[in-house]
Undergrad: 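A single structure is presented below for examination.
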Amino acid sequence: MDEAAEADPPERPGTDHSAAAERIRRARAEAAALAESLTRQWDGVVDAAALTANDDEHDPEGPTIAWEREQLRAMRERVRRELADLDRADRRLRDGVYWTCEGCQGPIPAERLSARPTARTCIGCA
Ligand SMILES: [Zn+2]
């Protein structure tokens, strides 16, 4: 019998620190790759806009480029927020409050954090 192990407080299932850290790290890598791809697309759209800037105003590409830029701008904004949320999740994990709801100080269900590693509240407080 390993008495030291028995003396440890029982861990809630799914509240594995390293598994959570790995999920955050992976989500961060994905978001960073997406941010990079969006930046490249943005540069491409800006280049295309520069090329057509001297065309007359009836250029059929005009509205498309404006629309594309707006889509890219919105997506980049979302990814930036996601990266900030992931940094915050990482800090919460290091501070030992990752599984604690910011609203009611109750536990955040492990399944919720598996599905959404940046969650900071339980479902009731969301
Ligand atoms: Zn709560």
Side-chain angles (χ1 to χ4, degrees):
M1 273 307 224
D2 188 349
E3 286 184 22
E6 270 179 44
D8 281 343
E11 231 182 38
R12 277 200 291 134
T15 57
D16 185 308
H17 183 104
S18 57
E22 175 62 19
R23 263 200 305 273
I24 292 170
R25 196 195 59 74
R26 225 178 304 146
R28 210 185 185 295
E30 272 173 34
L34 180 57
E36 202 178 294
S37 149
L38 288 171
T39 298
R40 268 200 308 274
Q41 290 179 57
W42 175 267
D43 291 344
V45 171
V46 171
D47 286 350
L51 284 173
T52 56
N54 295 326
D55 288 2
D56 79 13
E57 62 190 59
H58 300 106
D59 186 332
E61 292 297 320
T64 308
I65 287 168
W67 184 85
E68 272 181 37
R69 287 171 83 159
E70 182 48 39
Q71 296 297 305
L72 284 171
R73 195 199 57 73
M75 275 192 283
R76 291 212 302 184
E77 191 51 44
R78 263 204 304 279
V79 171
R80 248 198 301 271
R81 265 202 306 271
E82 175 75 5
L83 283 169
D85 282 350
L86 286 164
D87 285 345
R88 196 159 163 188
D90 192 46
R91 264 199 308 279
R92 280 169 53 76
L93 188 63
R94 272 180 283 144
D95 291 345
V97 296
Y98 187 61
W99 285 276
T100 305
C101 173
E102 279 187 355
C104 65
Q105 309 304 313
I108 304 176
E111 315 80 68
R112 175 164 164 77
L113 284 164
S114 299
R116 202 164 158 263
T118 55
R120 295 194 298 269
T121 62
C122 68
I123 292 158
C125 294

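Everything numeric in this text was worked out from a predicted model, so none of it was measured. Below, each value reflects all heavy atoms present in this structure, side chains not excepted, and no hydrogens, waters or symmetry copies. Remember, it's 1-based here, ligands and their atoms both numbered in the order they're listed.
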Undergrad: Tell me, do I108 and T100 make a side-chain contact under 4.5 Å, heavy atoms counted?
TA: no
Undergrad: Can you confirm whether D85 sits close enough to R120 that some side-chain heavy atom of one is under 4.5 Å from a side-chain heavy atom of the other?
TA: yes
Undergrad: Assess the side chains of S37 and Q41: does a donor N or O sit below 3.5 Å from an acceptor N or O?
TA: yes
Undergrad: Are any of the side-chain heavy atoms of E102 and R92 separated by less than 4.5 Å?
TA: yes
Undergrad: Ignoring waters, how many N, O or S atoms from the protein are under 2.8 Å from the Zn ion (ligand 1)?
TA: 4
Undergrad: Considering only NZ, NE, NH1 and NH2 on the basic side and carboxylate oxygens on the acidic side, decide whether E36 and R40 come within less than 4.0 Å.
TA: yes
Undergrad: So does R91 get a backbone contact from the side chain of Y98, meaning a donor-acceptor N/O pair under 3.5 Å?
TA: no
